[in-house]
Amino acid sequence: MDRLELEGKWNKIKGSVKQKYADWFNNDTTFAEGKLEEYIGKIQQKTGRTKEDIEQEIRDWKDDNNHL
């Protein structure tokens with residue numbers, strides 16, 4: 001297992017924990033952040049790309065589709 005795959009697994013776990021305990025704080029934002037981190041972790045595991053690269057691609061996609 002390489003470093004990026006390990007980081008991906010960690011981000012996936014971190015996202016799951018945020019989702020699970022968001023209810024304790026009644027915070028939808030925390031849940032959404034956790035879901036995003038989980039997805040990014042899954043993408044990292046599958047592609048071997050960095051978290052920063054994936055986040056940039058998501059921002060670019062959001063900016064390109066902002067007019068929708």
Side-chain angles (χ1 to χ4, degrees):
M1 179 181 312
D2 68 359
R3 184 182 64 80
L4 289 177
E5 187 178 354
L6 185 60
E7 284 179 16
K9 285 182 186 250
W10 171 244
N11 285 329
K12 192 171 151 185
I13 291 168
K14 200 167 51 169
S16 294
V17 169
K18 274 189 175 183
Q19 290 174 65
K20 182 175 181 177
Y21 295 106
D23 291 343
W24 287 8
F25 303 103
N26 195 23
N27 189 337
D28 291 336
T29 302
T30 301
F31 180 84
E33 288 171 357
K35 199 66 169 168
L36 179 60
E37 284 186 21
E38 182 180 9
Y39 288 143
I40 289 172
K42 286 180 181 182
I43 294 169
Q44 276 184 284
Q45 279 184 276
K46 300 279 185 187
T47 65
R49 294 167 56 197
T50 65
K51 180 179 179 182
E52 293 77 17
D53 184 40
I54 297 164
E55 288 174 336
Q56 184 60 52
E57 184 175 0
I58 292 169
R59 279 191 297 275
D60 292 346
W61 178 81
K62 182 182 154 263
D63 292 344
D64 290 345
N65 292 290
N66 220 10
H67 63 281
L68 300 178

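- The CG atom of Asp53 sits 8.5 Å away from atom CD of Gln56, with the distance rounded to the nearest 0.5 Å.
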Please set out all donor-acceptor pairs under 3.5 angstrom arising from side-chain atoms of residues 32-48, sequence neighbours excluded.
{"unit_1": "Glu37", "atom_1": "OE2", "unit_2": "Lys18", "atom_2": "NZ", "d": "2.9"}
{"unit_1": "Glu38", "atom_1": "OE1", "unit_2": "Gln19", "atom_2": "NE2", "d": "2.6"}
{"unit_1": "Gln44", "atom_1": "OE1", "unit_2": "Asn11", "atom_2": "ND2", "d": "2.6"}
{"unit_1": "Thr47", "atom_1": "OG1", "unit_2": "Ile43", "atom_2": "O", "d": "2.7"}
{"unit_1": "Thr47", "atom_1": "OG1", "unit_2": "Arg49", "atom_2": "N", "d": "3.2"}

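- Interatomic distance, CG of Asp63 versus CD1 of Ile58, reported as 12.0 Å (0.5 Å rounding).
- Rounded to the nearest 0.5 angstrom, Lys9 NZ and Lys12 NZ are separated by 7.0 Å.
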